Amino acid sequence: MENYRGNGRGIMIPNREVGIVGYGAYIPRFRIRADEISRIWKDGEESLHLEEKSVAGLDEDTATMAIEAARNALERGRINPGDMGAIWVGSESKPYAVKPTATIVAEALGSTPHLNAADWEFACKAGTEALQAALGFVSSGMAHYALAIGADTAQGRPGDALEYTASAGAAAFLVGPGEESLAVLEGSYSFVSDTPDFFRRPLQPYPEHGHRFTGEPAYFRHTLQAGQYLMEHLGTKPQDYACIVLHQPNAKFPERAARLLGFSEKQFRPGLLVEVIGNTYAGSSPLGLTAYLDQAQPGERVLMVSFGSGAGSDAFSFRITEKIRKNLAPLPAVQDYISRRREIDYATYARYRGKLNYG
Amino acid sequence: MSLPQNWRRQAGRYRLQGIKCQNCGRMSLAPRSICPRCHSTDIAPHQFSGKGEIYSHSTLYQAPAGYQAYIPYTVALVRLEEGPLVSAQLTDVDTDQVQIGQKVEMVTRKLREYGDEGLIVYGYKFRPVLKGE
């Protein structure tokens with residue numbers, strides 16, 4: 001146990017410094033406005049406080065979005081695709097039920113064949129568990145670089161409240177040694193329990209969810225416990241953080257959870273994207289982190305707490321380094337993807353999302 | 001097209017990896033073992049940057065089998081910055097916004113699906129440059 005730096009109760013602290021060397025985002029171009037959805041379905045809009053959500057185009061899926069986010073991360077980190085030790089994709093909307101998305105991404109990046117490639121699954125926190133594993137993989141010395149991606153083209157049954165939020169996007173983190181990192185990991189922690197707040201059975205196109213049950217016993221319990229516990233054991237306080245990024249299933253939950261954890265609007269605003277892109281599921285808190293990193297300053301700290309139904313939260317505390325100042329100009333920022341928008345109506349949305357039955 | 005035929009084309013399709021003649025420098029996206037210009041067999045893989053501009057374009061309203069789901073869509077001849085001309089679909093652009101000379105960049109997208117049970121084929125398309133000109 002001499003090399004173990006945790007507390008015996010789940011706190012994860014690496015033996016050597018490790019962090020994020022490059023990051024990249026992707027948000028599709030299409031948007032459907034909440035008032036367009038409520039033109040068809042008269043339920044749900046008022047309670048969710050969303051303006052619009054992103055919609056994947058006909059030729060997009062989790063693999064294609066993961067590829068673009070990953071290309072941005074590699075370019076920002078300026079590393080050779082062949083130097084990757086692992087590519088891990090977290091998603092609940094896999095293009096194939098059986099066949100890894102990660103090998104498609106690895107092939108497109110030109111990283112094959114000398115690496116580990118796998119898909120991760122845990123509802124909306126699949127991307128952050130891939131990140132946590134990548135941080136462990138690199139800090140153990142088993143890989144120099146590992147790529148963790150969260151990506152989803154989320155599903156919502158026509159007329160369900162999820163239709164207002166379930167959207168599409170991806171974020172990728174290139175994990176490497178601390179001395180190369182723009183954000184160094186201070187510690188991580190996961191809090192999980194068997195809570196059936198949201199699930200999808202095999203061969204079912206749309207998920208089931210527990211309505212109000214998704215709140216207190218699911219989202220809030222796991223998010224708050226994970227965030228509080230990590231800060232307590234790292235000896236940090238809300239005022240030590242420039243930003244907090246939480247999972248964003250709607251606009252109300254992350255705002256309330258951030259305030260309950262002791263954070264102010266100034267701290268949760270930079271990483272809150274749900275009002276303009278919706279809930280990108282496994283991409284949600286990762287995309288929020290990339291939006292903060294686009295404007296982060298050396299010396300700042302950021303706390304990220306994901307949430308995945310079923311249920312659990314992964315919390316991370318990162319410290320921003322001087323490497324954040326690398327020239328970012330030629331790479332698309334999250335804001336560039338948000339401003340690139342083409343509005344579609346519900347009929348086009350139904351076609352793009354495969355909600356039409358051609359008989 | 002069979003699984004092996006699709007599989008063999010991945011490097012070119014997924015990431016625009018072509019070939020370069022090590023004797024005369026001619027580049028091509030199509031895989032070749034003999035240079036069509038100097039007939040050298042000294043051929044090496046070459047990774048194209050994915051940047052280029054539209055040389056010509058046309059919008060399709062009648063699609064070949066496998067591509068009907070995407071109509072209408074625009075195909076273009078794209079002059080890569082390294083010189084070769086490639087034909088590809090355009091994406092993330094309205095058909096009336098396409099112009100000759102427009103700067104474009106490669107993205108990897110779904111090209112087609114062999115029904116609900118078959119292979120999903122991914123490959124290069126081009127879109128207007130998002131950032132970095």
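Remember, predicted model here, so these are calculated numbers, not experimental data.
Contact check for B:Y14 versus A:I67: no side-chain heavy atoms found under the 4.5 Å cut-off. Contact annotation: the side chain of B:R15 approaches that of A:R71 to within less than 4.5 Å [non-hydrogen atoms, C-beta and beyond].
Other residues, nucleotides and ligands place more than 12 heavy atoms under 6.0 Å from the CD atom of B:Q68. Open room surrounds CD1 on B:I34; 12 or fewer heavy atoms of other groups in view lie less than 6.0 Å from it. At most 12 heavy atoms of other shown residues, nucleotides or ligands fall within 6.0 angstrom of atom OH in B:Y55.
Atom CG of A:D59 sits about 11.5 Å away from atom OH of B:Y73, to the nearest 0.5 Å. For the atom pair B:K125 NZ and A:E60 CD, the distance stands at 9.0 Å (nearest 0.5 Å). Of the inter-residue distances, the one linking B:K110 atom NZ with A:D61 atom CG reads 5.0 Å to the nearest 0.5 angstrom. For the atom pair B:L130 CG and A:R340 CZ, the distance stands at 5.5 Å (nearest 0.5 Å).
With a 4.5 angstrom heavy-atom cutoff, B:V121 does not touch chain A via any of its atoms. If you measure heavy-atom distances from B:Y70 to chain A, the contacts under 4.5 Å come from both the backbone and the side chain. Using a 4.5 Å cut-off between heavy atoms, A:I104 touches chain B through backbone and side chain atoms alike. No part of A:Y352 comes within reach of chain B, as not one of its non-hydrogen atoms sits under 4.5 angstrom from that chain.
A donor-acceptor contact shorter than 3.5 Å is absent between the side chain of B:R109 and the backbone of A:L58.
Residues B:D92 and A:R29 are not paired through a salt bridge, judged by the lack of any N-O separation under 4.0 Å between the basic side chain and the carboxylate. Salt bridge annotation for B:R127-A:E68: present, with a cationic side-chain nitrogen under 4.0 angstrom from a carboxylate oxygen.
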